[in-house]
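Whatever order the structure lists ligands and atoms in, that order sets their numbers, starting from 1. This chain uses plain numbering: 1 for the first residue, then up along the sequence.
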Amino acid sequence: MPRIVVVGSINMDLVALCGRFPAPGETLIGERFFTCHGGKGANQAVAARRFGAEVVLVGRVGDDGFGRELLAGLQQEGVDTRHVAVTAGVASGVAVITVSRGENAIVVVPGANHALTPEDVRLAEADIATADVLLTQLEIPLETVAEVARLAERHDVPLILNPAPAQALPAELLERVSYLTPNEHELAQLLGRPHADSADLLASLPGKVVLTKGAAGAFHVDAAGGLRHQPGLAVEVVDSTGAGDTFNAALAVFLDQGIEVALQRAVAAGALAVTQPGARGGMPTAAQLDAFLVSRGQR
Ligand code: RIB
């Protein structure tokens with residue numbers, strides 16, 4: 001199985017399940033509360049590991065109870081945490097998540113994730129140089145993401161950038177990325193064209209963009225401009241948190257089997273992820289993913 005290096009965020013998720021989202025200024029009585037381990041980087045690392053990859057995570061937690069718990073959780077999953085540093089005097093990242101009818105609204109307070117520096121990435125250069133795929137997101141400083149891209153180029157390692165949360169990205173960074181995995185909103189934001197048509201946006205970075213569209217599946221435009229659509233799989237949606245992370249991890253793990261297979265696995269893995277509460281609750285193992293594909297006539 002491939003060796004994946006993930007550079008990204010590690011959060012404690014504080015989740016409230018509600019019948020609907022509160023309006024500004026309104027207090028709502030929720031149905032249930034739970035904490036669970038999250039953060040886009042850590043979720044992607046855990047998902048890739050559940051699919052059987054060897055996974056190294058580069059990140060930071062705070063020197064607090066959440067940090068210790070998050071680190072232990074990653075180690076229990078078999079993620080290599082040699083490059084997860086404990087940052088003194090800073091709180092661990094936290095995500096306050098409201099879930100209503102399968103959808104979520106998230107506020108992330110980055111804490112230690114924003115102390116992840118380009119130097120932290122350089123300390124992992126030996127692992128990066130021997131990785132099959134690099135995976136990163138935007139819950140860490142942009143200069144740190146840029147360093148990941150520089151090292152990916154230097155060592156000729158494919159880089160998947162999941163551009164979430166959305167922000168405009170410099171052309172130099174986009175050039176160094178092998179695959180970008182935005183939703184429609186993130187694609188418009190990263191290109192700095194918030195009102196452009198989605199077909200135009202998709203065509204603007206040929207070969208690079210894997211556009212995710214929730215229940216409608218995912219789209220990829222190849223370098224020659226050919227459009228591939230991997231349709232979504234109907235499931236009962238309980239909580240969409242972590243579905244994108246599961247999608248990205250599957251794309252990374254199965255990329256060596258070609259973009260067609262990787263897209264199929266990623267869409268199926270993302271569908272399974274939404275069937276349970278919590279960012280990692282529905283994240284499947286390789287065996288569960290296989291069984292699901294068989295049940296849907298895709299294997
Ligand atoms: O992608 C889902 C993740 O986003 C959550 O686990 C939360 O921590 C936020 O980072």
Side-chain angles (χ1 to χ4, degrees), residues 6-17 33-50 55 57-62 64 66-67 69-71 73-74 77 79 84 90-100 102-116 135-142 144-145 160-167 180-186 189-190 210 212-214 218 237-252 266-267 269-284:
V6 182
V7 183
S9 58
I10 306 167
N11 295 333
M12 186 63 82
D13 291 354
L14 313 179
V15 186
L17 304 185
F33 171 80
F34 60 90
T35 61
C36 62
H37 299 184
K40 294 186 192 306
N43 291 343
Q44 292 177 18
V46 167
R49 183 73 196 124
R50 288 188 189 174
V55 182
L57 176 62
V58 182
R60 280 188 175 266
V61 292
D64 54 16
F66 280 171
E69 198 188 309
L70 290 164
L71 203 45
L74 288 162
E77 292 275 357
V79 172
V84 177
V90 181
S92 292
V94 163
V96 179
I97 305 179
T98 306
V99 176
S100 177
E103 287 195 293
N104 61 36
I106 305 182
V107 175
V108 173
V109 183
N113 296 304
H114 267 195
L116 191 70
L135 193 48
T136 192
Q137 325 76 27
L138 299 177
E139 283 185 341
I140 55 174
L142 195 54
T144 305
V145 174
I160 299 175
L161 169 58
N162 173 214
Q167 62 173 282
L180 281 161
T181 56
N183 60 27
E184 281 175 293
H185 166 70
E186 289 157 356
Q189 293 295 316
L190 76 89
V210 173
T212 59
K213 274 188 118 172
V237 182
V238 173
D239 181 358
S240 58
T241 311
D245 299 328
T246 308
F247 178 97
N248 276 275
L251 195 72
V267 166
L272 276 175
V274 305
T275 60
Q276 300 292 330
R280 301 180 195 168
M283 203 173 257

Worksheet item: Are any side-chain N or O atoms of T241 and backbone N or O atoms of G278, one a donor and one an acceptor, separated by less than 3.5 Å?
Response: no
Worksheet entry | Atom pair CD (E186) and OG1 (T212), whose distance is rounded to the nearest 0.5 Å | 6.5 Å
Practice prompt. Tell me, yes or no, whether the heavy-atom count around Q167 atom CD, taken from other residues, nucleotides or ligands under 6.0 Å, exceeds 12.
Written response: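 Yes, enclosed.
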Which of the atoms of ligand 1 are close to [X], meaning less than 4.0 Å from one of its heavy atoms?
X: D245; answer: 1 (O), 2 (C), 3 (C)
X: D13; answer: 5 (C), 6 (O), 7 (C), 8 (O)
X: E139; answer: 4 (O), 9 (C), 10 (O)
X: A95; answer: 7 (C), 8 (O)
X: G38; answer: 6 (O), 8 (O)
X: A279; answer: 6 (O)

Worksheet item: At their closest point, which heavy atom of M12 faces which heavy atom of L70, and how far apart are they?
Response: N-CD1, 3.8 Å
Worksheet item: Which heavy atom in M283 sits nearest to a heavy atom in N43, and how many Å separate them?
Response: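 Closest pair (atom of M283, atom of N43, distance): CE-O, 3.4 Å.
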Item to complete: Measure the distances from the heavy atoms of S9 to every atom of ligand 1 and state whether one is below 4.0 angstrom.
Response: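 The answer is no: ligand 1 sits nowhere under 4.0 Å from a heavy atom of S9.
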Fill in: Shortest protein contact, atom 4 (O) of ligand 1 (heavy atom only)
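For atom 4 (O) of ligand 1, the nearest protein heavy atom comes out as K40 NZ, 3.2 Å.
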Worksheet item: What protein heavy atom sits nearest atom 3 (C) of ligand 1, and how far away is it?
Response: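 The protein heavy atom lying closest is N43 ND2, 3.7 Å.
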Discussion item. Side chains of V238 and Q276, heavy atoms from C-beta outward: is any pair under 4.5 Å?
Written reply: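 No. Closest side-chain heavy atoms not under 4.5 Å.
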Item to complete: Applying side chain to side chain contact (heavy atoms under 4.5 Å, CB included) between L57 and each of I10, L135, V7, V46, report the one that passes.
Response: I10
